Amino acid sequence: MTDSEKPTNFIQQIINSDLETGTVKQVITRFPPEPNGYLHIGHAKSICVNFGIAQQYGGGCNLRFDDTNPEKEDEEYVNAIIEDVRWLGFQWQGDICYASNYFDQLYSWAQYLVNQNLAYVCELNAEDMREYRGTLTESGKNSPFRERPAADSLALLEQMKNGEIDEGAMTLRAKIDMASPNINMRDPVIYRIKKMAHQRTGDKWNIYPSYDFAHGQEDAIEGVSHSICTLEFAANRPLYDWFVANLPLPSTPHQYEFGRLNLNYTVTSKRKLKQLVEEQHVEGWDDPRMPTISGLRRRGVSATAIREFCDSLAVAKTDGVVDMAQFEHFIRDDLNNNARRAMCVLQPVLLTLSNYDKDKTEVFSAPGHPGRDDLGERSLPFGRQIYIDRNDFSEDTTLSRKKFKRLVIGDYVRLRSAYIIRADEVIRDSQGSITEIVGSIVPDTVGQDAPEGIRPRGVIHWVSAADSADCTVKIYDRLFSQAAPDSGEGSFLDHINPDSLKLLGGCKVEKGLANAVAGDHYQFEREGYFTRDSQSTDLVFNCTIGLRDNWKA
RNA sequence: UGGGGCGUCGCCAAGUGGUUAAGGCACCGGGUUUUGAUCCCGGCAUCGGAGGUUCGAAUCCUCCCGCCCCAGCCA
């Protein structure tokens with residue numbers, strides 16, 4: 001779908017109307033990750049939405065770290081997130097923003113609220129506070145500290161800030177309505193004591209603002225016009241608006257929520273991904289089986305594919321689960337159009353062409369891509385001995401041509417970009433397994449149609465035995481064997497697929513790929529799409545995704 | 001259960017009172033093909049349910065059913 005055909009989503013409709021009425025002059029959005037984990041495919045949608053809208057309306061999008069909880073955050077994540085956003089192809093407006101840059105301002109707004117008699121220092125402990133909060137059906141009760149004089153709260157807040165109060169002993173709470181049907185409005189905590197160094201502000205603070213007290217104000221400071229987040233924050237919107245209404249903010253941002261991306265056969269929750277990493281169910285955040293941006297990148301998924309996929313998703317208020325096949329479609333689509341072709345034999349078996357001179361070699365030329373001349377040509381050395389895949393050979397002569405379009409003893413097949421050959425006999429070891437196939441070429445068939453009377457069953461790939469490179473290939477399957485690993489009884493860990501990684505050693509690849517670079521994409525013809533693994537020094541290829549395979553055996 | 005949100009083909013999703021109810025994915029047929037790929041052609045829903053308003057409803061009203069989110073000093 002092109003942009004012009006794409007329907008206007010509900011956020012764009014709101015923006016259009018804001019622009020028309022003049023309530024908004026310049027569209028500013030933001031992508032606000034908390035640096036407590038790596039970005040995943042779900043974030044990619046949010047990134048595409050936020051940066052995409054800013055781009056569409058000629059505005060800007062901020063990259064802002066919502067670093068209000070030093071307990072869970074780390075600089076490693078900050079750096080990984082920056083790299084991922086950049087790799088996805090987006091550029092934020094101006095400098096990178098941090099919630100922690102606004103801590104002073106936030107603190108003075110907290111004092112402002114106290115002075116307005118709209119916040120107070122509460123000494124209820126966590127347990128009591130829960131008790132006082134009430135339940136979904138019963139309203140809460142006022143804290144006994146609710147009517148504390150502003151001057152006292154101010155002094156206490158200062159002591160909290162200075163580290164003179166124990167963690168958990170006090171909080172600063174907004175004074176709203178303990179009887180509100182929206183639990184978020186029942187005097188929410190806006191500052192809590194955490195005597196903990198922050199990765200950016202060091203030990204300056206002993207108290208940190210809560211998400212609710214920070215987010216809208218950050219938006220206001222940055223002039224964000226449309227603060228777009230996911231559905232689960234909808235219940236926080238009244239609180240967001242309450243701060244915007246009661247604080248002397250430089251602008252009045254608004255929050256809008258859309259449905260986050262869910263994909264089947266995987267998990268998109270930083271908490272769970274972190275667990276997979278920490279409990280070593282995977283190699284790390286960038287394990288190619290992970291739905292993280294870094295994992296997908298290492299797997300060989302292109303940024304373009306991720307963007308196209310995200311753009312194909314609707315921005316709406318429904319929260320569905322997208323079929324992994326839909327993502328895979330965009331991965332294949334991009335790779336099919338852009339990946340260079342190459343041949344790699346995954347399970348090699350030696351094939352000797354008995355009628356081809358021992359000392360003779362030829363070099364054939366094959367296109368880098370069947371439909372793209374700009375990808376040039378590649379050279380394929382050929383000789384008396386080549387490797388083909390064990391799966392491309394059978395001794396069963398009863399196999400129909402339709403059912404088995406590969407090499408069968410006594411029959412013909414086309415070697416891709418080379419000769420038509422025939423299989424004549426097999427050589428076995430003492431165990432009886434095939435160690436070598438002996439065959440023969442049909443002369444003058446390179447680049448030529450099959451001669452009269454010879455009908456190759458199909459086309460198979462191959463590689464020169466003398467002039468190819470050894471490599472290892474990693475084939476991945478879905479990390480979880482259940483479509484919804486999250487749901488149901490038990491842990492999502494119970495549904496980890498034990499066979500999600502298959503390691504194939506001793507593969508043979510075209511010599512030209514011996515120096516392949518991680519991030520370059522290849523289609524190993526008749527197999528799938530691959531990229532060199534960035535974490536190995538040896539020649540290791542990760543299978544990004546297999547080719548579509550429509551034939552039914 | 002109180003509040004908020006959502007229910008259109010297996011999945012995603014257009015649709016905002018009058019359309020043969022878009023499109024994509026998946027799937028099923030067929031064609032092309034030196035990749036069983038790509039590509040091409042064709043097939044594939046009466047809109048959660050029941051009432052009602054209307055000449056006319058997926059679109060409006062009523063009731064019902066189902067799913068998601070909120071009771072962190074997480075975000």
Side-chain angles (χ1 to χ4, degrees), chain A residues 1 5-7 9 13 32-34 36 66 68-69 71-73 122 124-126 129-131 133-140 167-173 180-186 188-194 207-208 210-212 214-215 229-238 257 259 261 264 270-271 312-314 316-330 332-333 336-337 341 343 366 370-371 402-406 413-418 420 445-450 456 458-461 483 523-528 546-553:
Chain A
M1 231 190 277
E5 300 171 298
K6 234 176 183 169
N9 67 51
Q13 287 174 14
E34 182 191 14
N36 65 344
D66 221 347
T68 57
N69 185 0
E71 198 176 323
K72 300 188 171 178
E73 298 155 8
C122 179
L124 250 26
N125 62 34
M129 197 181 293
R130 192 181 318 124
E131 184 74 22
R133 187 154 35 226
T135 67
L136 294 178
T137 50
E138 308 157 48
S139 67
E167 274 190 33
M170 296 182 191
T171 57
L172 181 69
R173 296 225 259 165
S180 172
N182 181 345
I183 293 187
N184 294 294
M185 300 299 271
R186 319 238 263 229
V189 169
I190 62 179
Y191 260 103
R192 71 289 212 201
I193 300 170
K194 277 180 191 286
I207 57 173
Y208 293 93
S210 66
Y211 164 83
D212 288 304
H215 208 94
C229 62
T230 43
L231 253 26
E232 67 269 28
F233 291 99
N236 298 57
R237 179 159 25 94
E257 313 88 22
L261 166 64
N264 60 17
K270 274 196 265 186
R271 203 208 101 229
S312 82
L313 269 14
K317 303 192 83 137
T318 43
D319 56 346
V321 181
V322 175
D323 201 314
M324 188 58 89
Q326 190 164 333
F327 185 26
E328 293 177 339
H329 163 77
F330 286 94
R332 288 197 181 95
D333 191 50
N336 176 52
N337 291 327
R341 307 289 122 124
M343 290 194 283
K402 186 145 179 76
K403 196 173 173 190
F404 195 76
K405 304 167 81 162
R406 311 177 185 193
V413 80
R414 161 76 71 178
L415 292 180
R416 170 125 255 228
S417 302
I420 290 172
T445 50
V446 180
Q448 306 295 318
D449 288 340
V459 181
I460 65 172
H461 56 101
Q523 182 197 96
F524 289 170
E525 292 186 287
R526 299 209 314 129
E527 294 289 359
L547 251 30
R548 273 188 58 179
D549 199 0
N550 283 335
W551 66 289
K552 27 235 172 269

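None of the values given here were measured: they were computed from a predicted structure. Basis for what follows: all heavy atoms, side chains included, without hydrogens, waters or symmetry-related copies. Chain identifiers are assigned alphabetically (A, B, ...) following the order of the sequence lines, protein sequences preceding nucleic acid strands; residue numbering begins at 1 within each chain.
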- prompt: Which part of the nucleic acid does A:K194 contact within heavy-atom distance under 4.0 Å: base, sugar-phosphate only, or nothing?
  reply: sugar-phosphate

Under 3.5 Å, which donor-acceptor pairs link side chains of residues 316-323 of chain A to any protein atom two or more places apart or in another chain?
{"residue": "A:D323", "atom": "OD1", "partner": "A:A325", "partner atom": "N", "Å": "3.0"}

Between the protein and nucleotides 37-42 of chain B, list every N/O to N/O distance that falls short of 3.5 Å.
{"residue": "B:A37", "atom": "OP1", "partner": "A:N550", "partner atom": "ND2", "Å": "3.3"}
{"residue": "B:U38", "atom": "O2'", "partner": "A:N336", "partner atom": "ND2", "Å": "2.9"}

- prompt: Looking at the angle O4'-C1'-N9-C4 for a purine or O4'-C1'-N1-C2 for a pyrimidine, is B:G72 syn or anti, with syn meaning within 90° of 0?
  reply: syn

query: Are A:K72 and A:E34 close enough for a salt bridge, meaning some N to O gap below 4.0 Å?
result: no

message: Between the base of B:G36 and the side chain of A:R406, is there a donor and acceptor pair under 3.5 angstrom?
response: yes

Every protein N/O within reach of nucleotides 2-6 of chain B N/O, cut-off under 3.5 Å:
{"residue": "B:G2", "atom": "N9", "partner": "A:L136", "partner atom": "O", "Å": "3.2"}
{"residue": "B:G2", "atom": "N2", "partner": "A:P181", "partner atom": "O", "Å": "3.3"}
{"residue": "B:G2", "atom": "N3", "partner": "A:L136", "partner atom": "O", "Å": "3.2"}

message: Once rounded to the nearest 0.5 Å, what's the spacing between atom CE of A:M185 and atom CG of A:N236?
response: 10.0 Å

task: Taking atom P in both B:U54 and B:U1, compute the distance separating them and give it to the nearest angstrom.
output: 34 Å

- prompt: OP1 or OP2 of B:G72 less than 4.0 angstrom from a side-chain nitrogen or oxygen of A:R133, does that happen here?
  reply: yes

query: So, does the side chain of A:R526 form a donor-acceptor pair with the base of B:U35 at under 3.5 Å?
result: no

field: Distance, P atom - from B:G43 to B:G4, rounded to whole angstrom
entry: 46 Å

message: If you only use heavy atoms from C-beta on, which nucleotide in B:G24, B:C73, B:A75 is closest to the side chain of A:Q326?
response: B:G24

message: I want to confirm an ordering. Mapping A:N264 and A:L415 to their closest nucleotides on RNA chain B, which one lands closer to the 5' end?
response: A:N264

message: If I pick the P atom on B:G15 and the same atom on B:C6, what distance separates them, to the nearest angstrom?
response: 15 Å

